[in-house]
K.L.:
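Just passing along the structure, written as structure tokens.
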Amino acid sequence: MAMKQSTLDRIRVLNKNVTNKILIHLAGRKFGHFAILTHKGRKSGKLYRIPIIAEPVENGFMIALTYGKEVDWYKNVMADGGASLYWKKKDYPLTNPQMVDQEVGLMGFPSLFRTPLKKMGIEYFVKLDIQD
């Protein structure tokens with residue numbers, strides 16, 4: 001069963017103001033699934049860095065939109081046409097963001113993650129290609 005939007009909003013604000021400030025120091029390391037997404041503000045042009053869970057897929061990465069598609073980082077990536085990802089101690093320039101349906105998005109993650117993502121009601125996923 002999906003979480004109510006008000007609950008998701010409260011969790012998002014907590015993560016933005018507390019959890020992400022801790023995770024940004026742990027993300028991108030050799031072990032674990034957290035990566036650092038760097039994106040440019042669509043209005044300000046400012047660079048932002050956020051910790052996310054990403055999984056490598058053929059020629060790119062899959063990212064779950066855990067708070068839906070109305071989050072700023074997603075809008076920024078779509079407006080700019082890409083971002084960069086620090087994953088397993090390596091930087092990847094990413095381009096061509098594509099919204100994919102839930103079934104395709106879930107298949108981009110290991111089976112260990114699929115069930116929790118589905119139970120959390122995650123509907124939206126974005127795939128980005130590694131820029132040549």
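Numbers here are sequence positions counted from 1. Computation of the quantities below employed the complete heavy-atom set of this structure, encompassing side-chain atoms and omitting hydrogens, waters and symmetry-equivalent molecules. Remember, it's a predicted structure, so these values are computed and weren't measured experimentally.
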K.L.:
If you group Ile, Leu, Val, Met, Phe, Trp and Tyr by side-chain heavy-atom gaps below 4.5 Å, do M107 and F61 land in one group?
P.N.:
no
K.L.:
For Q102 and I122, indicate whether the former's side chain and the latter's backbone hold a donor-acceptor pair under 3.5 Å.
P.N.:
yes
K.L.:
Test of understanding: with salt bridge (charged side-chain N to carboxylate O under 4.0 Å, His left out), list the residues that count as partners of K69, not counting sequence neighbours.
P.N.:
none
K.L.:
Report the residue from L65, I63, V100 that forms a side chain to side chain contact (heavy atoms under 4.5 Å, CB included) with F125.
P.N.:
V100
K.L.:
Would you check if F113 and E55 make a side-chain contact, meaning some heavy-atom pair closer than 4.5 Å?
P.N.:
yes
K.L.:
Going by heavy atoms in the side chains, are F109 and I53 under 4.5 Å from each other?
P.N.:
yes
K.L.:
Any idea which heavy atoms bring M62 and G105 closest together, and the distance?
P.N.:
CG-O, 3.7 Å
K.L.:
Any idea which heavy atoms bring K40 and G45 closest together, and the distance?
P.N.:
CG-O, 3.3 Å
K.L.:
Among residues at least two apart in sequence or on other chains, which ones pass salt bridge (charged side-chain N to carboxylate O under 4.0 Å, His left out) with R114?
P.N.:
none
K.L.:
Looking only at heavy atoms, which two atoms of K127 and N59 are closest? And how far apart?
P.N.:
NZ-O, 4.2 Å
K.L.:
Any side-chain heavy atom of Y48 within less than 4.5 Å of one from W73?
P.N.:
no
K.L.:
Evaluate the side-chain proximity of M78 to R42: yes if any heavy-atom separation is below 4.5 Å, no if none is.
P.N.:
no
K.L.:
Output the distance between atom CG (L85) and atom NE2 (H39), rounded to the nearest 0.5 Å.
P.N.:
11.5 Å
K.L.:
With side chains defined as the heavy atoms from C-beta onward, is the minimum distance between L106 and K118 less than 4.5 Å?
P.N.:
yes
K.L.:
For side-chain contact (heavy atoms from CB on, under 4.5 Å), just list the numbers for T95 and L128, CA-CA rounded to whole Å, side-chain angles, deciding distance to a tenth of an Å, and then say yes or no.
P.N.:
CA-CA 6 Å; T95 188; L128 291 110; over 6 Å; no
K.L.:
Which atoms form the tightest heavy-atom contact between G81 and P97, and what is the distance?
P.N.:
O-CD, 3.3 Å
K.L.:
Go through D101 and Y124 one step at a time and tell me if the side-chain contact (heavy atoms from CB on, under 4.5 Å) criterion holds.
P.N.:
CA-CA 6 Å; D101 66 30; Y124 305 105; over 6 Å; no
K.L.:
Tell me the closest heavy-atom pair linking W87 and P56, and the distance in Å.
P.N.:
CZ2-CD, 3.5 Å
K.L.:
Please give me the minimum heavy-atom distance between T38 and A83, naming the atom from each residue.
P.N.:
O-CB, 3.2 Å
K.L.:
If you group Ile, Leu, Val, Met, Phe, Trp and Tyr by side-chain heavy-atom gaps below 4.5 Å, do V71 and L47 land in one group?
P.N.:
no
K.L.:
For Y74 and M99, what are the C-alpha separation, side-chain angles and deciding distance, and is it a side-chain contact (heavy atoms from CB on, under 4.5 Å)?
P.N.:
CA-CA 10 Å; Y74 172 71; M99 176 70 71; 3.0 Å; yes
K.L.:
Rounded at 0.5 Å granularity, tell me how far NZ in K75 sits from CG in D80.
P.N.:
15.5 Å
K.L.:
Between V77 and L37, is any pair of side-chain heavy atoms under 4.5 Å apart?
P.N.:
yes
K.L.:
A side-chain contact here means heavy atoms from C-beta on lying under 4.5 Å apart; do N76 and K43 qualify?
P.N.:
no
K.L.:
Heavy atoms, side chains only, cut-off 4.5 Å: are D129 and Q98 in contact?
P.N.:
yes
